Number of protein chains: 2
Amino acid sequence: MATTLDDIAKETGLSRATVARAIGKYGYVSKKAREKVIAAAKKLNYKPNYIAKSMATGETKNIGLIVGDIQNPFFSTIARAISDVIVPEGYSLIVTSTDEKVEVEKTSIDRFFQKQVDGLILAPVSRSNSDHLKDLVKSEIPIVLIDRIIEGLDVDMIVSDDLGGGFEAAQYLLELGHRRIGFLSDTLDISTNYDRIAGYREALSKYGIEEKQSWVKLGGFTIEGAYKSGVSLLGQNKDITAVIATNNYMAAGLLLAAKDMGIVVPRDISVISFDDIVWFDLCNPPITSVAQDTREIGSMAAKRILMNIRGQRYEKGLTRLPTRLIIRESCTSPRD
Amino acid sequence: MATTLDDIAKETGLSRATVARAIGKYGYVSKKAREKVIAAAKKLNYKPNYIAKSMATGETKNIGLIVGDIQNPFFSTIARAISDVIVPEGYSLIVTSTDEKVEVEKTSIDRFFQKQVDGLILAPVSRSNSDHLKDLVKSEIPIVLIDRIIEGLDVDMIVSDDLGGGFEAAQYLLELGHRRIGFLSDTLDISTNYDRIAGYREALSKYGIEEKQSWVKLGGFTIEGAYKSGVSLLGQNKDITAVIATNNYMAAGLLLAAKDMGIVVPRDISVISFDDIVWFDLCNPPITSVAQDTREIGSMAAKRILMNIRGQRYEKGLTRLPTRLIIRESCTSPRD
DNA sequence: ATGAAAGCGCTAACAG
DNA sequence: CTGTTAGCGCTTTCAT
């Protein structure tokens with residue numbers, strides 16, 4: 001059995017209350033008593049029991065994180081960034097993956113609720129299916145949404161300038177001379193994709209180009225799913241000269257598909273992806289990408305949560321972090 | 001304030017104990033009483049408080065995971081695999097990164113202890129500095145070590161056949177005709193590296209080759225660190241014709257270094273890396289690698305922990321998962 | 001400055 | 001089948 005405050009109380013002959021004050025560094029304790037307690041604590045190898053503490057204080061010092069897939073470098077970067085700000089403050093990160101399924105999101109939220117996390121950081125699965133989030137927001141638990149927007153929710157949201165990013169990517173290709181540009185994405189129910197495509201469309205229309213419906217292909221959110229969508233996108237649109245991928249999974253699937261189909265990048269097709277990751281630099285060819293400030297999304301979210309927990313006031317709301325086009329070698333002018 | 005069992009008891013006119021039994025599905029409860037309770041629970045939107053439950057049962061339904069860096073695809077894959085087995089069983093995953101620092105490992109373990117996790121999965125930082133792990137193992141908390149071995153510890157360990165992998169990688173290069181082979185690694189204090197290098201040395205000696213000291217370069221465990229080590233390895237050993245990288249971070253650093261130094265893979269130098277990841281397939285050239293059964297490491301660890309928690313008996317000890325050489329295009333015969 | 005005691009929400013004997 | 005009661009380990013008034 002682990003040693004408790006009572007053990008120390010017995011050992012020192014003091015009361016539990018005094019010992020608690022000495023250990024917890026609050027209230028009045030005489031220097032002598034404190035020293036006795038510290039000594040006894042060390043001798044008995046006392047470790048405070050957080051569960052009991054939580055029970056009494058209502059704080060767990062745990063923050064929940066719900067993302068699509070913690071294995072996705074985009075999300076694991078965010079997880080690390082969050083961790084880096086909360087761990088020094090005594091908090092721990094509980095992570096779970098939804099695979100972008102609303103049901104899983106709901107049960108995850110429920111579980112975190114029951115486990116009494118002090119705050120929740122969430123990349124919401126669906127713009128349309130979000131009533132459960134409304135209830136969440138009404139609860140007292142601090143929450144911040146990352147990467148994706150839910151309309152009409154009075155909550156902190158930290159996202160990238162996806163519309164701008166989509167526009168910039170498309171514009172870059174258009175300037176290069178491309179006129180038939182595909183877009184590989186997963187569900188539009190994620191605002192990130194929706195906005196990126198909106199940006200892409202804005203650019204197309206600015207250049208007077210009429211988008212063909214088959215240019216935008218929506219597929220599963222795994223690399224395997226993206227591969228299939230990539231094959232179908234490329235197969236159905238032989239005349240396409242460039243493709244934008246909405247994230248690194250989509251890019252991987254697309255690149256793999258192109259490779260298998262004997263389509264050479266950028267000779268046959270130019271490619272831009274969102275989600276800048278190291279390996280883009282090492283790809284053949286190095287992939288031009290729209291970089292988000294991924295770590296900053298995590299850091300900001302964590303800081304907001306902490307302020308929120310501590311009851312510090314700040315203006316709650318939507319923050320859009322700018323994106324940055326990183327030009328590498330996966331885009332050239334079209335051949336024809 | 002959230003509704004408690006007491007509220008339901010009051011609402012239904014039953015006792016708290018009966019309500020608890022109905023909710024917790026244990027012990028005898030009449031059908032009528034159960035229905036009343038369920039109805040009241042729904043009406044009052046009751047959510048069980050896990051903290052209180054933990055307090056009473058001593059179980060938190062939380063599993064701790066301590067790795068070098070959750071952002072590393074190798075570790076995030078493991079995290080996901082663990083998650084996939086424990087979440088359906090009602091457990092949650094608390095993750096933390098050590099940056100391979102012993103001090104951080106110690107404080108992380110302490111914190112998890114205080115938070116009363118039901119089990120701990122750990123990629124230990126150091127073979128030599130592991131006394132704190134001895135204490136840990138003596139405690140009652142279920143623990144399994146992953147990816148790395150600590151000698152003389154009576155604990156579950158799930159690792160890859162690193163010696164075999166190192167041997168196979170080196171042998172492959174030797175068969176190709178290479179005679180001067182570098183090895184880029186981080187600290188030898190991690191058994192994984194130690195064993196991989198041992199395998200490499202075994203292969204060298206089998207082929208009657210005397211290793212030069214400058215061939216093995218140890219560097220920081222980040223991509224940036226690996227880049228520097230890569231530059232120095234390549235700079236100091238102009239005659240080297242092949243390099244083995246001990247993990248994907250090392251490979252990234254090495255490849256980036258080679259690129260900047262105008263060294264072309266595989267024309268000037270052949271490269272093999274451990275840690276097979278998707279992007280190896282998309283690299284220029286696609287990287288030959290020693291793949292570990294990464295997901296399985298996580299799954300097994302999780303299953304062990306669960307069995308352990310449940311007091312199910314099984315033979316505790318070391319499991320070595322076989323590695324697999326995946327040949328792509330980053331190795332050729334040396335030019336000279 | 002210290003101690004006594006109540007209470008956080010739930011579980012688990014035990015008695016009935 | 002149900003109710004009573006005693007904790008789990010810590011915090012936190014309220015007295016002293």
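Residue numbering restarts at 1 for every chain, and letters A, B, ... go by the order of the sequence lines. Predicted model, so just to flag it, every value in this text is computed and none were measured.
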Measure the distance from CD on Gln114(A) to P on dC8(C) and round it to the nearest whole Å. 20 Å
Rounded to whole angstroms, how far apart are CG on Asp6(A) and P on dA5(C)? 14 Å
Hey, does the side chain of Asp7(B) reach the backbone of Thr4(B) with a donor-acceptor pair shorter than 3.5 angstrom? yes
Flag side-chain contact, heavy atom, 4.5 Å: Phe221(B) against Asn72(B): no
Glu105(A) (side chain) donor-acceptor with Val125(A) (main chain) under 3.5 angstrom: yes
Tell me whether Lys53(B) forms a cation-pi arrangement with Tyr50(B), defined as NZ or CZ under 6.0 Å from the six-membered ring centre and within 45 degrees of its axis. yes
Please give me every residue in residues 49-64 of chain B whose heavy atoms get under 4.0 Å of an atom in DNA chain C, ordered by residue number. Asn49(B), Ala52(B), Lys53(B), Met55(B), Ala56(B), Thr57(B)
For residues 31-44 of chain B, which side-chain N or O atoms pair as donor and acceptor with protein atoms under 3.5 Å away, sequence neighbours left out?
unit_1	atom_1	unit_2	atom_2	d
Arg34(B)	NH2	Val29(B)	O	3.3
Lys43(B)	NZ	Glu11(B)	OE2	2.6

Applying a 3.5 angstrom cut-off to the pairing atoms, does DNA chain D sit in any stems of at least three consecutive Watson-Crick or G-U pairs? List them by first number. C:1-16 with D:1-16
Name each donor-acceptor pair under 3.5 Å that joins a side chain in residues 302-309 of chain A to protein atoms two or more places apart or in another chain, with its distance.
unit_1	atom_1	unit_2	atom_2	d
Arg304(A)	NH1	Asp156(A)	OD1	2.7
Arg304(A)	NH2	Thr319(A)	OG1	3.1
Asn308(A)	ND2	Tyr314(A)	OH	3.0

Which atoms of nucleotides 1-5 of chain D (N or O only) lie under 3.5 Å from a protein N or O atom, and what are those distances?
unit_1	atom_1	unit_2	atom_2	d
dT2(D)	OP1	Ser30(B)	OG	2.6
dT2(D)	OP2	Ser30(B)	N	2.6
dT2(D)	OP2	Ser30(B)	OG	3.4
dG3(D)	OP2	Ser15(B)	N	2.9
dG3(D)	OP2	Ser15(B)	OG	3.0
dG3(D)	OP2	Thr18(B)	OG1	2.6
dG3(D)	N7	Arg21(B)	NH2	2.8
dG3(D)	O6	Arg21(B)	NH1	3.1
dG3(D)	O6	Arg21(B)	NH2	3.4

Compile the donor-acceptor pairs under 3.5 Å between side chains in residues 78-91 of chain A and protein atoms, sequence neighbours left out, one pair per line.
unit_1	atom_1	unit_2	atom_2	d
Arg80(A)	NE	Asp69(B)	OD1	2.9
Arg80(A)	NE	Ser97(B)	OG	3.4
Arg80(A)	NH1	Asp84(A)	OD1	2.5
Arg80(A)	NH1	Asp84(A)	OD2	3.2
Arg80(A)	NH2	Asp99(B)	OD1	2.1
Arg80(A)	NH2	Asp99(B)	OD2	3.1
Asp84(A)	OD2	Arg295(A)	NH2	2.9
Glu89(A)	OE1	Arg310(A)	NH2	2.8

With side chains defined as the heavy atoms from C-beta onward, is the minimum distance between Asn62(A) and Gln116(A) less than 4.5 Å? no
Roughly, in whole Å, what's the span from NZ in Lys47(B) to P in dC8(C)? 22 Å
Please determine if Lys47(B) and Asp110(A) form a salt bridge, counting it only when a charged side-chain N lies under 4.0 Å from a carboxylate O. yes
List the steps and the verdict of salt bridge (charged side-chain N to carboxylate O under 4.0 Å, His left out) for Lys134(B) and Glu151(B). CA-CA 11 Å; Lys134(B) 292 204 177 66; Glu151(B) 303 279 347; over 6 Å; no
Asp7(B) atom CG is separated from dC8(C) atom C1', nearest whole Å, by 13 Å
